[in-house]
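What follows is one structure encoded as structure tokens, with my remarks underneath.
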Amino acid sequence: MRDVLDRYYTPDRLAAALVATLEVPGGAFVFEPSAGGGAFVRPLLAAGALVECIDADPDAPVHPGARNLRGDFLGHSYRAEWTIG
């Protein structure tokens, strides 16, 4: 059965491996359009990226160190060097 908010979280190890292969430079501004549990947010922050993340789920966790927003990313205006999610 489909989840109402489509909560399909990426495993932490997979997200960390993907972020490592991208070699996002420290200080890069990254937008995560479906932050969920933060699997991409944590390795991006650890790499020194400036992360703005958004999630439609009002109960999604807050990710310390990132700018956290709530809502649909399609209605959000952002300027990022990278979009990863």
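For the single chain, residues carry numbers from 1 onward in sequence order.
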Item to check | Minimum heavy-atom distance E81-F29, with the two atoms named | outcome: OE1-N, 2.6 Å
Next on the checklist: Testing the basics here: between A66 and C53, what is the closest heavy-atom pair and its distance to 0.1 Å?
Outcome noted: CB-SG, 4.1 Å
Next on the checklist: Donor-acceptor check, side chain of R42 to backbone of A16, threshold 3.5 angstrom: yes or no?
Outcome noted: no
Checklist outcome for this item: Residues passing the side chain to side chain contact (heavy atoms under 4.5 Å, CB included) test with A17, sequence neighbours excluded, are none
Next on the checklist: Quick one, H63 and V51 - any side-chain contact, counting heavy atoms below 4.5 Å?
Outcome noted: no
Checklist entry - Does some side-chain heavy atom of V30 sit less than 4.5 Å from a side-chain heavy atom of E52? => result no
Next on the checklist: A side-chain contact here means heavy atoms from C-beta on lying under 4.5 Å apart; do E23 and P25 qualify?
Outcome noted: no
Item to check | From CD1 (I84) to CG (L22), nearest 0.5 Å | outcome: 5.0 Å
Item to check | Close side-chain approach of F40 and P33, heavy atoms under 4.5 Å | outcome: no
Checklist entry - Taking all atoms of both residues into account, what is the closest heavy-atom pair of P61 and G36, and its distance? => result CD-O, 3.4 Å
Next on the checklist: So which atom in G38 and which in P43 form the shortest heavy-atom distance, rounded to 0.1 Å?
Outcome noted: O-CD, 4.4 Å
Checklist outcome for this item: In terms of heavy-atom contacts, V62 and P64 come closest through O-CD, 3.3 Å
Checklist entry - Does a side-chain heavy-atom distance below 4.5 Å link I54 with Y78? => result no
Item to check | Same cluster (ILVMFWY, side-chain, under 4.5 Å), V41 and L18 | outcome: yes
Checklist entry - What's the spacing between E32 CD and N68 CG if we round to 0.5 Å? => result 11.0 Å
Checklist entry - If you take all heavy atoms of S34 and D55, which pair is closest and at what distance? => result C-OD2, 3.7 Å
Checklist entry - Do L14 and V19 belong together in a cluster built from hydrophobic side chains that touch within less than 4.5 Å? => result yes
Checklist entry - Do L69 and L74 share a hydrophobic cluster (ILVMFWY, side-chain heavy atoms under 4.5 Å, transitive)? => result yes
